[in-house]
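The block underneath contains the structure these notes are about, expressed in structure tokens.
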Amino acid sequence: MNDLGVTVKKDEDFAEWYIQVVLKSNLLDYAPIKGFIVLKPYGYAIWERIREVADKRFKESGHQNAFLPTLIPESLLSKEAEHFEGFKPEVFWVTHAGNDELGERLALRPTSETLAYEIFSRWIRSYRDLPLKINFWNTALRAEIKSTKPLIRTSEFLWQEGHTVHASKEEAEDEARLMLSIYKEIIEEYLAIPVIAGYKSDKEKFVGADYTLTLEALMPDGRALQMGTSHNLGQNFSRPFNIKFLGKDGKEHYAWQTSWGISWRLIGALVMIHGDDKGLVLPPRIAPIQIVVVPIFYGDDSKHSVIDKCKNVYALLRDRFRVHLDDREEYTPGYKFNDWELKGVPLRVEIGPRDVKQGKVVLARRDDSRKVSVGDEELLDAVTNMLEDIQHSLYRRAYEFLKSHTFSTLTYDEFKEHIEHGFVRAYWCGSQECELRIKEETGADIRVIPFTDDSINDTDMLKEGGMMKKEQVRDGDEGDTRCIYCRRSAGKIAYFAKAY
RNA sequence: GGGAGCGUGGCCUAGCAUGGAAUGGUGCCAGUCUCGGGCACUGGAGGUCGUGGGUUCAAAUCCCACCGCUCCCA
């Protein structure tokens with residue numbers, strides 16, 4: 001063993017493990033500017049898969065892609081005061097054009113609401129122009145100086161930001177909810193990461209939004225990670241940006257808006273949740289390479305028959321799967337096994353002289369390291385089933401982790417103990433003061449206030465009942481539903497956790 | 001905002017106390033040999049010791065300043 005592989009164990013030094021995995025598996029590299037990274041081809045291929053899946057859903061639900069400039073004049077960015085105050089500390093400013101100082105500073109977009117809405121206001125005149133539903137695949141820049149982490153917290157990140165304009169409040173609400181459910185589907189069914197859906201508290205919501213919907217996942221170190229957000233902006237932006245339309249009633253109305261986004265942070269979550277001591281483990285539905293074929297040959301005698309069989313298998317699988325034939329001659333099979341395991345390819349097909357002779361191949365799973373030998377005629381079925389099985393067992397494993405690290409409690413003492421290990425589900429009075437105090441004393445935030453009135457969460461946790469029961473923290477708690485902190489009567493149930 | 005530590009071939013690293021030819025591993029290149037779990041051997045290329053200044057016959061080593069990075073505390 002040498003330092004080509006990951007040299008620390010995931011459960012012994014998680015932070016170091018994460019860095020080694022993302023670097024050594026060839027996802028990314030550091031850039032020469034603090035807080036910035038370079039996404040290498042293998043990492044970008046994962047982003048392309050996420051983008052492919054998401055883009056399809058966006059288009060199916062009536063959204064169109066467009067492009068916006070990176071620079072936003074200060075006068076525009078500051079037009080919505082609360083929004084500006086929120087982003088100000090992390091804005092990069094362009095102050096010069098060549099040698100000349102600019103009359104007005106230009107922000108490198110931290111997010112595009114202000115720029116997009118200035119433009120939207122020129123496009124919208126009548127209710128017939130609505131709804132306007134546009135998505136941008138781009139990057140955003142936020143100056144992160146402390147505690148940066150590749151993919152999780154970087155000063156520039158790849159993301160998509162959707163921006164919509166609607167004629168009614170209800171329509172905007174539905175849109176915000178719909179996009180969250182689309183995100184949830186992508187994250188759970190493709191990335192195999194279970195999430196908890198609900199509202200952000202006022203303290204944690206997007207600055208300028210009426211409310212923010214969020215999806216929260218739990219990382220192996222017990223910290224929560226925000227996976228995607230969808231904001232109902234109400235009329236908070238349409239007023240300052242003057243997005244008005246003439247309704248059927250012949251009167252002018254301010255429009256109702258949403259914005260929503262997911263970023264390459266999802267790749268970071270993927271690494272943390274599914275990875276192991278050997279490196280990455282990618283769910284088949286999102287893996288850029290689902291199957292790698294590795295030939296094993298001794299001398300020239302068997303070499304040709306092995307290579308031929310590998311090519312046949314490759315051709316057979318290529319139509320239905322993303323498959324790669326590793327025919328490099330300068331590396332030994334053992335080296336290749338380790339290399340592809342580091343890169344997280346879900347399934348490996350090994351073909352050697354023995355397999356050629358017996359009319360078989362060896363299939364090796366990345367998730368549990370099991371190897372099986374299957375006859376050539378069963379190959380297609382076996383591969384299909386195994387990939388599905390890997391997809392589901394990865395989700396299952398992540399789900400069991402989330403479940404076993406989500407604690408329900410009625411006492412603050414227990415709260416402080418559990419908060420070190422995952423989500424704590426507790427009653428909360430709804431006051432920001434309690435929220436701040438808890439943050440101060442324990443380092444934990446309210447990550448999500450779960451939905452109680454809809455079907456979004458019913459796909460998993462809630463359906464199983466028990467600890468996830470909607471109206472109660474725990475079964476039979478009707479007698480004590482007071483706030484975990486101030487002991488006043490509680491209006492809500494909230495999930496607390498330390499966050500990235 | 002406060003404190004501590006670290007910068008040596010692509011990467012990791014020895015050397016620094018007590019100044020005197022820059023150590024080893026990995027990776028890279030060539031060849032031979034191998035290949036069912038990171039093969040082995042031989043040879044080779046690759047270094048402004050973060051930057052600038054100072055002390056000294058002599059500085060990776062001691063002193064000063066700067067730059068960069070990491071960690072801890074608020």
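Small disclaimer: the values here were computed from a predicted structure and weren't measured. Below, chain A is the first sequence line, B the second, and so on; all start at residue 1.
Rounded to whole Å, the C1' atom of B:A14 lies 13 Å from the corresponding atom of B:U61. One P atom belongs to B:G50, the other to B:U42, and the distance between them is 32 Å to the nearest Å. Atom C1' of B:A74 sits at a distance of 31 Å from the matching atom of B:C64, rounded to the whole Å. A distance of about 10 Å separates the C1' atoms of B:A59 and B:G20, rounded to the whole Å. For the C1' atoms, the distance from B:G36 to B:G10 is 33 Å, rounded to whole Å. B:C33 and B:C71: their P atoms are spaced 49 Å apart (whole Å). Rounded to a whole angstrom, the distance from the C1' atom of B:G46 to that of B:A30 is 15 Å. Between B:U51 and B:U8, the distance separating the two P atoms is 10 Å to the nearest Å.
Here the C1' atom of nucleotide B:G38 and the NZ atom of A:K343 are 12 Å apart, to the nearest Å. Rounded to whole Å, the distance from CD1 on A:I296 to C1' on B:U34 is 14 Å. Put simply, NZ on A:K357 is 13 Å from C1' on B:G36, counting in whole angstrom units. The separation between A:L23 atom CG and B:U26 atom P is 21 Å, rounded to whole Å. Here B:C33 presents its P atom at 17 Å from CD of A:E330, a figure rounded to the nearest Å. Atom C1' of nucleotide B:U26 and atom OH of A:Y335 are separated by 11 Å, given to the nearest angstrom. Between the CG atom of A:D355 and the C1' atom of B:G36 there is a distance of 8 Å, given to the nearest Å. Summarising the geometry, the separation between CD on A:E16 and C1' on B:C11 is reported as 13 Å, rounded to the nearest angstrom.
In this structure, of B:G36, B:C39, B:G37, it is B:G37 that holds the atom nearest to the side chain of A:R348. Comparing B:G37, B:G38, B:G36 against the side chain of A:F337 picks out B:G37 as the nearest. Distances from the side chain of A:N338 to the nucleotides B:C35, B:G37, B:G36 place B:G37 closest.
Taking the side-chain hydrogen bond (donor to acceptor under 3.5 Å, both in side chains) definition, one finds that A:Q432 meets it with nothing, sequence neighbours left out. When the ring pair (Phe, Tyr, Trp, His ring centres under 6.0 Å) test is applied to A:Y30, no partner is found at least two apart in sequence or on another chain. Under the rule for a ring pair (Phe, Tyr, Trp, His ring centres under 6.0 Å), the partners of A:Y335 that lie at least two apart in sequence or sit in another chain are A:Y331. Residues forming a salt bridge (charged side-chain N to carboxylate O under 4.0 Å, His left out) with A:E52 (at least two apart in sequence, or on another chain): A:R49. The salt bridge (charged side-chain N to carboxylate O under 4.0 Å, His left out) check on A:D389 picks up A:R365, with sequence neighbours excluded. For A:S78, the side chain to side chain contact (heavy atoms under 4.5 Å, CB included) test picks out A:F84, with sequence neighbours left out. Scanning for salt bridge (charged side-chain N to carboxylate O under 4.0 Å, His left out) contacts around A:R265 gives an empty result, with sequence neighbours left out. Every residue two or more places apart in sequence or in another chain that forms a salt bridge (charged side-chain N to carboxylate O under 4.0 Å, His left out) with A:R487 is listed here: A:D480.
The two residues A:K343 and A:S25 have their closest heavy-atom pair at CG-O, 3.7 Å.
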Enumerate all atom pairs, one protein N or O and one N or O from nucleotides 1-7 of chain B, separated by less than 3.5 Å.
none

Write out a two-atom table: protein N or O, nucleotide N or O from nucleotides 70-74 of chain B, distance below 3.5 Å.
unit_1: B:U70; atom_1: OP2; unit_2: A:K34; atom_2: NZ; d: 3.2

- Query: Can you give the dot-bracket line for RNA chain B, using ( ) for pairs inside the strand, [ ] for pairs that cross earlier ones, | for pairs with another strand and . for unpaired bases, where Watson-Crick and G-U count if both distances are under 3.5 Å?
  - Reply: (((((((..(((.......[...))).(((((.......))))).....(((((..]....)))))))))))).
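Taking a cutoff of 4.0 Å between a charged side-chain nitrogen and a carboxylate oxygen, A:K498 and A:E420 qualify as a salt bridge. A salt bridge links A:D445 and A:K203; the closest N-O separation between the charged side-chain nitrogens and carboxylate oxygens is under 4.0 Å.
The list of side chain to side chain donor-acceptor pair (under 3.5 Å) pairs with a residue in residues 310-322 of chain A, not counting sequence neighbours, reads A:R320-A:T384.
Other residues, nucleotides and ligands contribute only 12 or fewer heavy atoms inside 6.0 Å of the CZ atom of A:R437.
A donor-acceptor contact under 3.5 Å is formed by the side chain of A:K371 with the base of B:G37.
Residue contacts for A:R328: at a heavy-atom cut-off of 4.0 Å it reaches no nucleic acid atom on any strand shown.
When the nearest nucleotides of RNA chain B are assigned to A:Y331 and A:A364 by heavy-atom distance, the more 5′-ward of the two goes with A:Y331.
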